[in-house]
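One structure, pasted below without further comment.
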Amino acid sequence: MSKVERGNPNRAWLFPGQGSQVPGMGIDLLARFADVRRLCDSVLDFDIAESCTGENGHLNRTDHLQPTLYTVNYLHALALRETEGWPAVMAGHSLGEISALAVSGFLDFEQGLRLVAARGRLMHAVRDGGMAAAVRIERPALLAVLEASGLTTVDIANWNSGTETVLSGPVEDLVLLKDAVRAAGGILIPLKVGAAFHSRYMAGAADSLGAVLAGIVFKPGRVPVLSNVTALEYTPQDAARLLARQVREPVRWSDCMQALRRRGVTEIDEVGPGGVLRKLWAANPSVNGSRSNGSPIVVAPAPTRETFCAAYRVRHAYVAGSMYRAISSVELVERMAKSGYLAFFGTGGISRTEIDSAVARLARTCAGLPYGLNILSQPERSAAEQWVVDAALRANVTVLEASAYTTLSAPLVQYRYSGSRMTAGTPYVPNRIIAKVSRGEVARKFLMPPSREIIDDLRAKGLLTVEESRVAELIPVASDICVESDSGGHTDRGSALILIPSILGLRTRIGSSFPASRQVRIGAAGGLGTPSAIAAVLTLGAEFVLTGSINQCTPEAGTSDSVKDLLATLGVHDMALAPAADLFEVDGQVQVVRKGTLFAARANRLQRVYREHGRWDDVDLPTRSSIERRILKDSYHNVLEKVRSRYVLQNRADRLRLLEQDPRQQLAAVFTTYLVHTTVAAIEGDAGLAADFQIHCGPALGAFNEWVQGSALEDWRNRHVDTIADALLAAVRADSRNGETTGNARSELDRVPDPIG
């Protein structure tokens, strides 16, 4: 192979998209590559050379411009390859991505031309909306402007750099943002386009393009091409799906540029007209390996870990954790994401339809922002876990919060390694898992790769490719581990003083023989309701904090106002332990509110009866009568029949069989029905069942209530979830500056700017 053919291993080719066109572009190249011109004239319904000149308005029409620019980009690449050889990697901005795929060989030129012609027609047909570039304004400031404006109709279209973001939406709404952007120090420049590209308003065009893409067979490319949607390399298997999504989702150009720099790219060629991409390359310098939510994770035995803030591109190493039955609601996640914080939607205990609806909404409203979903361990209902995983992969949700796991499940492993690949001997993983653990033996499983048995089973079922399986053998299941101590809900009521150092030590020991585990960040959850508590766990070595209980007493939380009224009055001692519905038969416990409710006492009574009796008929008559009247509020046999009916509807033949064979299973099924209904009653605010409200909560909320007493945050209606985060972290920082916080706490806080109030 000649020197020219090998090319430069540190060079990337960048292909421009719509907006880079100039009259006269490519005229000389069409003359030089006459066979390409003839092919264009046979496929297109207009003259390609005339379009290049800009005469008769061709370059102002999306349906003509797109195939014209695609062709000019392609011809630039043919000419460049003759003198420079192949680059190490390619990327294209929006339309330019298809040029890159054609040049690399994922599809041939004619296939790409017909695809782009169809894409241009479909996008040209969308006539509503417009676009505007917000420049000289940093991303957090722009997000704050959007939040303050109350305009929910505007989407992020392009993440071009840290100070340049393109917006899409109704023209009149974009105009309304102009003064607010200027007041924040930026400029909003309207773009000369015919519609709101790369936004929800292109969903119809994206679906139609998907039908066109279904007819194309993509092949492996000669040179890797990065996707605008994921900032990961394209594969033949995902090309059609990603190209359809690209039409309606943001162009993550900044992430792509950071991915190139991490690969060692130091030189770029802009392969097409104009110089926009050269400027954006300069505007996206290397930021110590930082990336935004969803970019590849490089897992290697490096001596230092990437910080939490850099990994997730958040303002602070502070997370709003999930809560059962969507108490950590879509609104809560949106509010945190738009304020630059990571938050998780609670999928546990809700229907598949509700999950799908929430995921679809978050994909629209939080595109390009940090957010994730919770996945709850359900050993007897793996289909429920699989549904969450499938929904996350379809929507390109790039982080899951794993809760209540004692052992790894196949769906969790599938999610972690889906889309993984080896590039130049280095494993890249698009998906992250933050595992919440309270025991060392569970943490060990997440600090290591999954078992060979799980990997082989997933590969045999076609759920992991050979390459994904290879990566799964090299890196840990978790990207982050969150150590839970005295939290609400499921808890071992462990001590952070013991657990955090213990699991940090475990990471060090495993890392001595398996270096990749050193990259796993260790965080803390439970008992974090005051600045002092947060500072304490940071000083112990935690690299991020996760809050839960304090967030359910906020306007955004998905529980009832009557529950929030009660929560706002709690002290640190107003909690109790009660049986957990999902672990009832093995004496599993959850921490719940004791004040103002009889739930804990009644649930513990049911647990005692279950432990002491083998069947309902063995229970003495006064106790049976009291349980039916005061707790079940129905006859035992009526409740049992409802359980049978539910199992039939759910097609749970296994559970139905156990129920009929074992009277003790009947006791457990009836009693856990009470535990399930009391959670729903609290969320819905059923006044008739107020005495039975089951409210998962830890003492952190009591401590928080004491801390905010006498301030505006005493009223829960003022406790917006991001306001709480800002207030706590501002106080931690103030204490740090006054010398009251030392060590790791100070170093973690100083990595990020002051909170935005």
Side-chain angles (χ1 to χ4, degrees), residues 324-326 347-355 376-385 387 404 490 560 578-590 592 597-696:
Y324 193 61
R325 285 188 176 268
T347 64
I350 63 174
S351 70
R352 294 178 176 183
T353 300
E354 291 172 305
I355 292 172
L376 183 66
S377 175
Q378 301 186 64
E380 295 184 357
R381 298 184 64 215
S382 62
E385 288 185 55
W387 191 270
H490 292 88
S560 62
D582 55 340
L583 298 171
F584 183 82
E585 296 168 64
V586 294
D587 291 343
Q589 293 183 312
V590 289
V592 299
T597 171
L598 297 174
F599 168 76
R602 289 174 172 176
N604 281 309
R605 185 183 185 193
L606 294 180
Q607 183 80 73
R608 287 193 300 273
V609 170
Y610 173 76
R611 282 199 299 262
E612 295 168 2
H613 300 87
R615 64 182 68 226
W616 179 246
D617 291 343
D618 294 341
V619 182
D620 64 86
L621 188 59
T623 299
R624 279 189 283 165
S625 177
S626 174
I627 288 174
E628 288 180 326
R629 186 176 68 258
R630 296 178 182 276
I631 302 178
L632 299 180
K633 298 177 177 62
D634 198 351
S635 76
Y636 174 88
H637 294 291
N638 279 348
V639 176
L640 181 60
E641 190 54 40
K642 292 175 183 176
V643 172
R644 286 195 182 100
S645 299
R646 186 171 71 250
Y647 286 165
V648 170
L649 287 173
Q650 295 173 344
N651 198 26
R652 300 288 303 278
D654 54 337
R655 299 295 298 173
L656 195 60
R657 187 164 51 252
L658 282 173
L659 195 71
E660 300 302 340
Q661 294 172 353
D662 187 352
R664 203 153 190 269
Q665 286 285 332
Q666 296 175 8
L667 262 184
V670 170
F671 288 174
T672 55
T673 296
Y674 170 75
L675 304 184
V676 172
H677 287 169
T678 50
T679 299
V680 176
I683 291 172
E684 295 180 352
D686 187 339
L689 293 174
D692 294 283
F693 282 178
Q694 179 182 175
I695 309 166
H696 293 187

Atom OH of Y610 and atom CZ of F671: how far apart are they, to the nearest 0.5 Å?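 Those atoms lie 10.0 Å apart.
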
Flag side-chain contact, heavy atom, 4.5 Å: W616 against Q666:
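Contact flag for W616/Q666 side chains = no.
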
Side-chain H-bond candidate by donor/acceptor type, S351 with E354, under 3.5 Å |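 Indeed, the side chains of S351 and E354 share at least one donor-acceptor pair under 3.5 Å.
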
So do the side chains of W387 and T347 get within less than 4.5 Å of each other, counting heavy atoms only?
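W387 vs T347: side chains apart.
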
### Message
R611 vs D587, test: side-chain contact (heavy atoms from CB on, under 4.5 Å). Steps then yes/no.
### Response
CA-CA 9 Å; R611 282 199 299 262; D587 291 343; 3.7 Å; yes

* Asked: With no hydrogens and no angle check, is any side-chain donor or acceptor of N604 less than 3.5 Å from a backbone partner on A600?
  ->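 Yes; at least one donor-acceptor contact below 3.5 Å.
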
inquiry  = To check you understand the geometry: which heavy-atom pair defines the closest contact between A404 and L376, and what is its length?
reply    =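 For A404 versus L376, the nearest heavy atoms are CB-CD1, 3.9 Å.
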
Is there side-chain contact between L640 and L659, with heavy atoms separated by less than 4.5 Å?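 Yes - at least one pair of side-chain heavy atoms lies under 4.5 Å apart.
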
**Report entry** Polar side chain donor-acceptor pair, S626 to R605, under 3.5 angstrom
**Finding:**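 S626 vs R605: donor-acceptor pair found between side chains.
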
Any donor-acceptor N/O pair, T672 side chain to A581 backbone, under 3.5 Å: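 No; judged by distance alone, with no hydrogens or angles, the pair does not exist.
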
Next on the checklist: Could you check whether any side-chain heavy atom of E641 comes within less than 4.5 Å of a side-chain heavy atom of V670, counting everything from C-beta outward?
Outcome noted: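 Answer no - side chains too far apart.
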
Can you tell me how far the OG1 atom of T597 sits from the CD1 atom of I695, to the nearest 0.5 Å?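 Here the rounded value is 6.0 Å.
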
Is it the case that atom CZ in R352 sees more than 12 heavy atoms from other parts of the structure closer than 6.0 Å?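 Yes, CZ of R352 has more than 12 neighbouring heavy atoms, counting only those of other groups under 6.0 Å.
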
Taking side chain as C-beta onward, heavy atoms only, is Q378 less than 4.5 Å from S382?
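Not in contact.
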
**Asked** Are any of the side-chain heavy atoms of R652 and R657 separated by less than 4.5 Å?
**Response**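 Side-chain contact under 4.5 Å: no.
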
Find out whether E628 and K633 are in side-chain contact, i.e. whether some heavy atom of one side chain is under 4.5 Å from a heavy atom of the other.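 Not in contact.
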
Q) So, D692 versus Y674: side-chain donor-acceptor pair below 3.5 Å or not? A)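 A donor-acceptor contact under 3.5 Å links the two side chains.
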
query: Can you tell me how far CD1 of I627 sits from CG of D634, rounded to the nearest 0.5 angstrom?
result: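 The distance works out to 13.5 Å.
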
Notebook entry, point to check: Within the side chain of S635, is there an N or O that forms a donor-acceptor pair under 3.5 Å with the backbone of N638?
Noted result: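 Flag set: sc S635 to bb N638 pair under 3.5 Å.
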
(Q) Rounded to the nearest 0.5 Å, what separates atom OH in Y647 from atom CD in E660? (A)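 Here the interatomic distance stands at 11.0 Å.
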
What I want to find out is whether E585 reaches R664 closely enough, with some N-O distance under 4.0 Å, to be called a salt bridge.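 Salt bridge between E585 and R664, a charged N being under 4.0 Å from a carboxylate O: no.
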
- Message: Looking at I631, is its backbone amide N or carbonyl O close enough to the side chain of R602 to form a donor-acceptor pair, meaning the two atoms are under 3.5 Å apart?
- Response: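 Not a single qualifying donor-acceptor pair exists.
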
* Asked: So, do S560 and I683 sit near enough that their side-chain heavy atoms are less than 4.5 Å apart?
  ->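 A side-chain contact under 4.5 Å is absent here.
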
Report yes or no: does R615 contribute a side-chain atom to a donor-acceptor pair with the main-chain N or O of P663 at less than 3.5 Å?
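Absent.
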
* Asked: Judged by atom type as modelled, is there a donor-acceptor pair below 3.5 Å linking the side chain of Q607 to the main-chain atoms of F584?
  ->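 Here the side-chain-to-backbone pair exists.
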
- prompt: Is the backbone of A669 close enough, under 3.5 Å, to the side chain of T673 for a donor and an acceptor to pair up by distance?
  reply: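 Confirmed, T673 side chain pairs with A669 backbone.
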
- Task: Specify the closest pair of heavy atoms between A603 and A578, including all atoms of both residues, with the distance to one decimal.
- Result: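 So the minimum-distance heavy-atom pair works out to CB-CB, 4.4 Å.
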
* Asked: Are F599 and F693 close enough that their ring centers fall under 6.0 Å?
  ->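 So the answer is no for these two rings.
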
query: Does a side chain donor of either T679 or Q694 reach within less than 3.5 Å of an acceptor in the other side chain?
result: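 Yes, side-chain donor-acceptor contact under 3.5 Å.
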
For D654, is the CG atom crowded, meaning more than 12 foreign heavy atoms sit under 6.0 Å from it?
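Count over threshold, so yes.
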
- [ ] Starting at CG of D618, measure out to OG1 of T623 and round the result to the nearest 0.5 Å.
- [x]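 Going from CG on D618 over to OG1 on T623, the span is 12.0 Å.
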
| query | What's the spacing between D686 CG and H677 NE2 if we round to 0.5 Å? | reply |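 The distance works out to 11.5 Å.
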
